[in-house]
Amino acid sequence: MSLPSCFARPDAAARATPLRLVERVGFAGWRGQQPAPVQAWLDAHGAGAGSVAPLAIPGDDGRPAYVLAVLADAADPLALAHLPSLLPPGRYTLCAQSPAALPPGQALLGWGLGAYRFSRYLKPAREPAQLVLEGEVDAEALALLEASTLVRDLINTPTEHMGPAEIEAAAAELAKAHGARLDVVAGDDLLAKNFPAIHAVGRASHRAPRLVELNWGDDAHPRLALVGKGVCFDTGGLDIKPADGMRNMKKDMGGAAHALGLARLVMALKLPVRLQLLVPAVENAIGPNAFRPGEVLATRLGLSVEVDNTDAEGRLVLCDALAYAAESKPALLMDFATLTGAARIALGPDLPALFTNDDALANDYLDAGQRARDPLWRMPLWRPYLSYLKSGIADLANSGASRMAGCITAAVYLERFVPEGQAWTHVDVYSWNDSERPGKPAGGEAQGLRAAWGLLRARFG
């Protein structure tokens, strides 16, 4: 089993410094049980229940006897995420005498997420500290780490190197690794195969739009459909974004990255489902044949859509993919998309907005997020807001004049392309960290991935 470089296996010839973990709420009690010299050392270095930086406690030989790490919450998967970059390079091992005991899988996931750096173009200033993994490696935790790393890497890669063809290549690599089948409909074939909305959004780019489809699993198992918005760059189209709004639009394929990461988990951990992954991959570019405000687009479902705003393109590519996914009547249809700024205004950067047409499914999804410390927040599918998308010349518009309830109107638009009775979830995700935090470096981020996996494991595992 291949491990990231931030981990090591036990080696008698390589000394590892013990890590003693103490939870913040128990710090005072733990301190009172220590020898007087240790208490004096703690006091001299200002160590207390609010400490963040780890502190080396010297032994009689002057070398660290162990390193003290005070954890805010030992149950948080990111409890150790600050340590790989704060500790001096070297090997560390979890001390068996730690008052705060972490399951090995949780320690692996948190340490690995904390050690992550996107290094394709810029080498990190230093290597992360290594955690020695004793015993059998937790396969699920490692798969979660690898899936999260995949999501981050895909989002962080600039569009120059992560266009529609590169998303196809990422899906092809997954298919090859797990024995899945990959099918791609690209360019004008999208029109011939009845994916007109995907074609319309991507036709102005020199990089051909496409629908990437991966199928895996036993036909006898319940069907699971995953759909991810793959807008590799979003200029806003002819309704062009301002410069600050366009700056990070390489992340507009974050929904596709999440769907690919979740598909990787499903296949790596052999969830008993019949998986269909769909990624409409396009670049919303400006050119002589760019789709225009006021045009009426056809869709796979047969509904006509008036283009009110070319910057509301994500719902256009998703509606064809959702309609196609629903044709196979999956037991569960899930989509992920960096769909609206309105969701960020409502919930901020950390909480993905969850929409679903099934109350029990919503409760299960939210519970999975709480268990994984990867929360989402349910927003209402308030169908009267479809009136904001009324068109005088088509079945509906892709946007409207009102700025009210933007993420809700986007969700109810998508719901028009989901058959009644089809269990469906839509997650409006930010896919980004604006600021550096332990375990969450600035840049691309997997948000809600652990929650989605927890839901699938509970439903199909």
Side-chain angles (χ1 to χ4, degrees), residues 4 6 76-82 84-85 106 108-122 124 128 141 143-159 162 167 170 226 228-234 247-265 279 314 334-341 343-354 365 368-370 372-377 407 426-455:
C6 61
D76 187 343
L78 297 181
L80 302 186
H82 61 299
S85 59
Q106 182 180 316
L108 184 156
L109 180 60
W111 193 279
L113 291 174
Y116 173 85
R117 293 294 181 272
F118 182 62
S119 58
R120 178 166 179 171
Y121 309 100
L122 178 66
L144 279 165
L145 174 59
E146 291 172 340
S148 299
T149 298
L150 172 65
V151 174
R152 288 172 166 183
D153 283 348
L154 291 172
I155 297 170
N156 282 326
T157 303
T159 304
M162 190 50 64
I167 285 185
L226 305 178
K229 172 188 168 185
V231 177
C232 299
F233 195 84
D234 182 19
R247 173 62 181 84
N248 287 329
M249 280 299 101
K250 68 177 183 179
K251 79 176 184 67
D252 212 21
M253 41 63 68
H258 279 74
L260 285 161
L262 189 55
R264 188 189 195 285
L265 275 168
V279 176
M334 307 173 75
D335 81 67
F336 305 87
T338 51
L339 204 61
T340 68
R344 309 286 70 79
I345 292 170
L347 299 176
D350 295 344
L351 276 176
L354 168 65
Y365 212 152
Q370 290 300 318
R373 300 295 182 93
D374 191 22
L376 306 96
W377 197 267
C407 63
H426 160 59
V427 177
D428 192 331
V429 65
Y430 190 43
S431 296
W432 196 256
N433 284 316
D434 292 314
S435 58
E436 189 90 10
R437 287 172 291 171
K440 297 184 177 184
E445 184 54 82
Q447 295 172 319
L449 183 68
R450 299 195 305 274
W453 170 247
L455 171 71

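Scope of the values below: all heavy atoms of this structure, side chains included, with no hydrogens, waters or symmetry mates.
Remark: Asn248 CG to Ser431 OG distance equals 11.5 Å, nearest 0.5 Å. Here CG of Leu351 is found 13.5 Å from OH of Tyr430. Values are rounded to the nearest 0.5 Å. Taking CG from Leu109 and OG from Ser148, the interatomic distance works out to 6.5 Å, rounded to the nearest 0.5 Å. Once rounded to the nearest 0.5 Å, the distance linking CG of Leu354 with CH2 of Trp377 reads 11.5 Å. Note: Lys251 NZ to Cys232 SG = 13.5 Å, rounded to the nearest 0.5 Å. We find the NE2-CH2 distance between His82 and Trp111 to be 9.0 Å, quoted to the nearest 0.5 Å.
For the residue pair Ile167 and Met253, the shortest heavy atom distance occurs at CD1-CB, 4.0 Å. Scanning all heavy atoms of the two residues, the minimum distance from Pro438 to Ala81 falls at C-CB, 3.8 Å. Closest non-hydrogen pair, Leu226 versus Ala259, comes out as CD1-O, 4.0 Å. Summarising the geometry of Val151 relative to Glu445, their closest heavy-atom pair is CG1-O, 4.1 Å, with the distance given to 0.1 Å. Heavy atoms only, all atoms of each residue included: Lys440 and Asn433 are closest at CB-ND2, 3.2 Å. The minimum heavy-atom distance linking Gly369 with Ala451 is given by the pair CA-CB, 3.5 Å.
Under the side-chain contact (heavy atoms from CB on, under 4.5 Å) criterion, Pro441 pairs with Tyr116, Arg117, Arg152, Glu436, not counting sequence neighbours. By the ring pair (Phe, Tyr, Trp, His ring centres under 6.0 Å) test, His426 pairs with Phe355, sequence neighbours left out.
For the pair Asp428 (side chain) and Leu339 (backbone), a donor-acceptor distance under 3.5 Å is present. A donor-acceptor pair is defined here as one N or O able to donate and one able to accept, closer than 3.5 Å; no such pair exists between the side chain of Ser119 and the backbone of Pro124. A donor-acceptor pair under 3.5 Å is formed between the side chain of Asn156 and the backbone N or O of Gly444. Looking at Asp374, its side chain does come within 3.5 Å of a backbone N or O of Arg450 through a donor-acceptor pair. Asp335 contributes no side-chain N or O that, together with a main-chain N or O of Lys229, makes up a donor-acceptor pair within less than 3.5 Å. Within the 3.5 Å criterion, the main-chain N or O of Pro375 finds no donor-acceptor partner in the side chain of Gln370.
For the pair Met334/Leu455, a side-chain contact is recorded, criterion being any heavy-atom separation below 4.5 Å from C-beta on. Counting heavy atoms from C-beta outward, Thr149 and Phe118 have side chains that stay 4.5 Å or more apart. Annotation: side chain of Phe336 is not in contact with side chain of Gln447 (no heavy-atom distance under 4.5 Å). You'll find the side chain of Leu78 stays beyond 4.5 Å of the side chain of Arg373, heavy atoms only. You'll find the side chain of Pro84 stays beyond 4.5 Å of the side chain of Cys6, heavy atoms only. In this structure, the side chains of Thr338 and Trp432 stay at 4.5 Å or more apart for every pair of heavy atoms.
Taking the charged nitrogens against the carboxylate oxygens, Asp434 and Arg344 have no contact shorter than 4.0 Å, which rules out a salt bridge.
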Original post:
Between Leu449 and Leu262, is a side-chain contact (heavy atoms from CB on, under 4.5 Å) present by the stated rule, with each step listed?
Top reply: CA-CA 7 Å; Leu449 183 68; Leu262 189 55; 4.0 Å; yes

Original post:
Yes or no on side-chain contact (heavy atoms from CB on, under 4.5 Å) for Lys250 and Ile155, after CA distance, side-chain angles and deciding distance?
Top reply: CA-CA 7 Å; Lys250 68 177 183 179; Ile155 297 170; 5.8 Å; no

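For Arg120, the CZ atom sits in a packed shell: over 12 heavy atoms of surrounding residues, nucleotides or ligands are nearer than 6.0 Å.
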